[in-house]
Amino acid sequence: MADALIVSDAKPAKLNLLGMPRVQLESLLEELGEKRFRAQQILKWIYHQGASSFDEMTDVGRKLRERLAEIAEIRPPEVEEEFISADGTRKWLIRVEGGSRVETVFIPEDGRGTLCVSSQVGCVLDCTFCSTGKQGFQRDLTSAEIIGQVWIAARSFGLPKKGGTRAITNVVMMGMGEPLLNFDNVVAAMNLMMEDLGYGISKRRVTLSTAGVVPALDRLAEVSEASLAVSLHAPNDELRNQLVPLNKRYPIRELLDACKLYMERQPDNKRVMTVEYTLIKGVNDQVEHANQLVELLREYPCKINLIPFNPFPQSDFERPSRNAVMRFSNILHNAGYRVMVRSTRGDDIDAACGQLVGQVQDRTRRSQRYRERAEKRTDIQ
Ligand code: SF4
């Protein structure tokens, strides 16, 4: 199925400045005989102003702009389609180099706006409850394609008014793919999300979510200050082996120890990790599972996000009842945990957690389906 997603693209010859780390841009400017601080101007134009050409950079000298245009460009991935849900959630279907597609989702809530960003085309880990895993793995996204998703979303909201708030307040690396399996590109992009010359989003609000690539977590602590979420989904190894096959390699205790260590190594060690737990009817949503989770997490400072399963076509799993979700949540809450039940957002455009696919084969059919749903909404109103 992966083959159908690739269409041929000639490799572009010019350097892409989007996603290029600041130090690398500074070196490039030095090679061109310019002062390193010019990098600051260029970064501000790309990320603060959303510039896509050197002509727009009016405080950069004409000669340098012309030289840059000869050797470099600002090349974001292309938006192929944008969907807007009845609840305000937005989803972009984004075409990346080589012709593959990924999806990016924006979830507006009171006082915040969270962008869910993809790190790979497809995913190799094949968690049984995830539609991304079902389409297999194609390739890692480049740092330009990762930060490019933020660039696209930020531009679509327009520049914030002076003193006004930005639409995107939080970013979660929780879209398609396992971010720690695309380590260097994800770290470069997250650094641009957090640094002032990039998007300047607080490190508390940029979160990497992992299914548990334990050795990469040790490396991550050396190069990143992002917040951490772990996709747990089961309270014991036997069940997690079935839901998240990576668990056979890095079992739960090993994973939680590595996450705890990552948080302890952060300069501000007041932050706690987030535990993500997708509740699946009759599989991991029973009282015994909640009680096991209470015991398991005792030594690990954390907050818990419960995500009622979002069904997708090839899945046999079902969403639990509201009562089952509340029962599970109450057990954790009564044991002293901070628990949040994530409400399903963007269901009508398949933007909910675990539903991202980005595949092209059924794109026309899906677009048609969204349109039909939108028309139905209009009929009802
Ligand atoms: S849940 Fe995450 S890690 Fe697992 S298959 Fe889906 S995208 Fe990959």
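Since we're looking at a predicted model, the values are computed, not measured. Side chains included, hydrogens not; waters and symmetry mates left out as well; all remaining heavy atoms used. Remember, it's 1-based here, ligands and their atoms both numbered in the order they're listed.
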Problem - Lys/Arg-Asp/Glu bridge criterion (N-O < 4.0 Å) met for R101, E78 - result: no
Fill in the blank from the handout: Residue set satisfying salt bridge (Lys or Arg N to Asp or Glu O under 4.0 Å) with D257, at least two apart, ordered chain then number -> none
Problem - Check: R253 and L296 side chains under 4.5 Å, non-hydrogen atoms - result: yes
Handout entry: Residues E26, R38: salt bridge by 4.0 Å N-O rule
Key = no
Exercise for the section: Check step by step if ring pair (Phe, Tyr, Trp, His ring centres under 6.0 Å) holds for H233 and F129. Expected result: CA-CA 10 Å; H233 311 306; F129 55 88; 4.6 Å; yes
Problem - Stacked cation flag R219 on F183, 6.0 angstrom / 45 deg - result: yes
Problem - Closer than 2.8 Å to atom 8 (Fe) of ligand 1 - protein N, O or S atoms, ordered by chain and residue number - result: C123 SG
